[in-house]
Amino acid sequence: MDRPVRILGVPTDYGANRRGVDMGPSAIRYAGLADAVERVCGDCLDEGDMSVVRAESTDPDRAPLDDRAKFLAEVEDVSGRLADDVAAACTADALPLVLGGDHSVAIGTMAGAARDADIGVVWFDAHGDFNTPSTTPSGNVHGMPLAAALGRDEFAEMPWAQAAGLAPERVAIVGLRNLDPAEREAIHDSPVTAYSISDIDDRGIVAVVEEALSAASEGAEGLHVSLDLDWLDPDEAPGVGTPERGGVTYREAHAALERVAAMETPTRSLEVVEVNPILDRHNRTAELACELVASALGETVL
Ligand SMILES: [Mn+2]
């Protein structure tokens, strides 16, 4: 990694259905993030956590859209400020490393990363995160960030939620294993590239990730790389809000992120999300997040 890294913590759980993920940035730092980053990149600046109002002090029922997209006004506020911070890091030729928080933080990361460049997106996740207020079964915005960035359905009227110029052809989702029915249909009907965990079973992690990276990089100046820790099997990553059996293994995850680091198209922004220390075992999931960040930044065994 030849650019400085700027760590931006976003202690939010507005997009999630369970509390605890707002403590993710603390848990990841405690697990040794700065050391992990400095092993690969000499220049690492931790900008601290942005201020986020506690969910308990807000009223979930105040806007008409809220049952279809809970805490949307709070998500908009967090996303706008995060987008500014991410864009500022990119302008300074640094790599913003965003610590969630739930996956709704990706709305702000992508909006910021796309402000002055054409980006592609690689999404490592058990879930599609492709719901909209029209299709969501839960109303939780952490199931919607990709749809938001692409301006689907209601998000077409919300410029703040969109990643400017992001074409669905440059979005690749890797390792899906649980989709809501309408979300699955939307992914089928969209030009996004999507690989399920079965594709990884059939073809191996390296072949799938290389294909995903090449789809996302086509015509892109940089990549946004989003890692939801629920992508991994819960045996490896128990501390996540929505664990799903049968995820990728420890080695598969490292192999995938090593491929990201080896890409010619640079990583423009990186985020690790959904670490929930309340549900974790001895901070194992946060430690894993640190290791995987190091791989994504170019750490190799030999
Ligand atoms: Mn996710």
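Counting starts at 1 for both ligands and their atoms, following the listed order. Model, not experiment: these values are computed from the prediction.
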S.K.: Thinking salt bridges, do Asp85 and Arg81 make one under a 4.0 Å N-O criterion?
M.R.: no

S.K.: Checking the side chain of Asp22 only, and the main-chain atoms of Gly20 only, is there a donor and an acceptor separated by less than 3.5 Å?
M.R.: yes

S.K.: Check this for me: does any side-chain nitrogen of one of Glu236 and Arg251 sit under 4.0 Å from a carboxylate oxygen of the other?
M.R.: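 Answer for the salt bridge query: no.
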
S.K.: Give every protein N, O or S atom lying under 2.8 Å from the Mn ion (ligand 1), naming each by residue and atom.
M.R.: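 Within the sphere that stays under 2.8 Å of the Mn ion (ligand 1), the protein atoms of type N, O or S are His103 ND1, Asp125 OD2, Asp129 OD2, Asp228 OD2.
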
S.K.: Using a 3.5 Å distance criterion without hydrogens, assess whether the side chain of Arg152 forms a donor-acceptor pair with backbone atoms of Phe130.
M.R.: no

S.K.: Any salt bridge (charged side-chain N to carboxylate O under 4.0 Å, His left out) involving residues 181-202? Give me the pairs, sequence neighbours left out, ordered by first then second residue.
M.R.: none

S.K.: Is Arg68 salt-bridged to Glu154, cutoff N-O under 4.0 Å?
M.R.: no

